[in-house]
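This report refers to the structure that appears directly beneath it.
Along the sequence shown, residues are numbered consecutively beginning with 1.
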Amino acid sequence: MTSGVLLALSLVLSLAAQASAGGPAYLGLSVRDVPGVGCVVTGVGPGPLGGTGLEGTRLRRPDLLVAIDGKPASREALRAALAARSAGE
C-alpha cells in the first residue's frame, strides 16, 4: 500500500469545488468497498483530484479510505457525501 493508506475523506471533499461553481460536486474517484475496513481507490479520473485515469496527484491506487466526514467509508458514503454538496462548497 502507498504511504497515504489511511485518509479521512472530509479533507478531500473540498476539492470538489474545482468543478463548475453551483453544479454537482464530483471528484472523478472510483472506489471499491472492503467490508469492515472502508473502501479502496481503484482509479482517479480527470477532475479536481488531478487524475489521469488510474492515478492522481492527491489520491492513488490503492489508497484506503477509512472515514468520510467522520463516518465509516464506503462507496455509498462517498456518493452520499458528494450528493449533499455543490461544486464550490
Side-chain angles (χ1 to χ4, degrees):
M1 295 261 170
T2 65
S3 62
V5 172
L6 301 178
L7 299 172
L9 196 56
S10 59
L11 299 174
V12 176
L13 288 174
S14 64
L15 296 171
Q18 294 179 15
S20 60
Y26 77 99
L27 293 173
L29 184 65
S30 299
V31 299
R32 177 179 50 84
D33 285 338
V34 179
V37 178
C39 54
V40 66
V41 173
T42 58
V44 184
L49 297 176
T52 59
L54 295 177
E55 301 293 320
T57 57
R58 293 180 176 92
L59 286 175
R60 302 186 332 214
R61 296 181 309 155
D63 284 344
L64 178 64
L65 309 177
V66 297
I68 300 171
D69 289 342
K71 299 175 185 147
S74 69
R75 285 184 70 192
E76 180 55 28
L78 176 60
R79 188 208 60 75
L82 289 172
R85 290 169 169 79
S86 297
E89 185 176 336

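Under the rule for a side-chain hydrogen bond (donor to acceptor under 3.5 Å, both in side chains), Arg75 has no partner lying at least two apart in sequence or in another chain. Glu76 meets the salt bridge (Lys or Arg N to Asp or Glu O under 4.0 Å) test with Arg79; sequence neighbours excluded.
Within the 4.5 Å cutoff, no side-chain heavy atoms of Leu59 are placed close to those of Leu27.
Taking each heavy atom of Ala67 and Ala73 in turn, the nearest pair found is N-CB, 3.7 Å. The shortest heavy-atom contact between Ser74 and Ile68 is O-CD1, 3.9 Å.
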Residues 40-55 side chain polar contacts: donor-acceptor under 3.5 Å, at least two apart:
unit_1 : atom_1 : unit_2 : atom_2 : d
Thr42  : OG1    : Ser30  : O      : 3.2
Glu55  : OE2    : Arg61  : NE     : 3.2

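Among pairs with a residue in residues 24-46, none fulfils salt bridge (charged side-chain N to carboxylate O under 4.0 Å, His left out), at least two apart in sequence or across chains.
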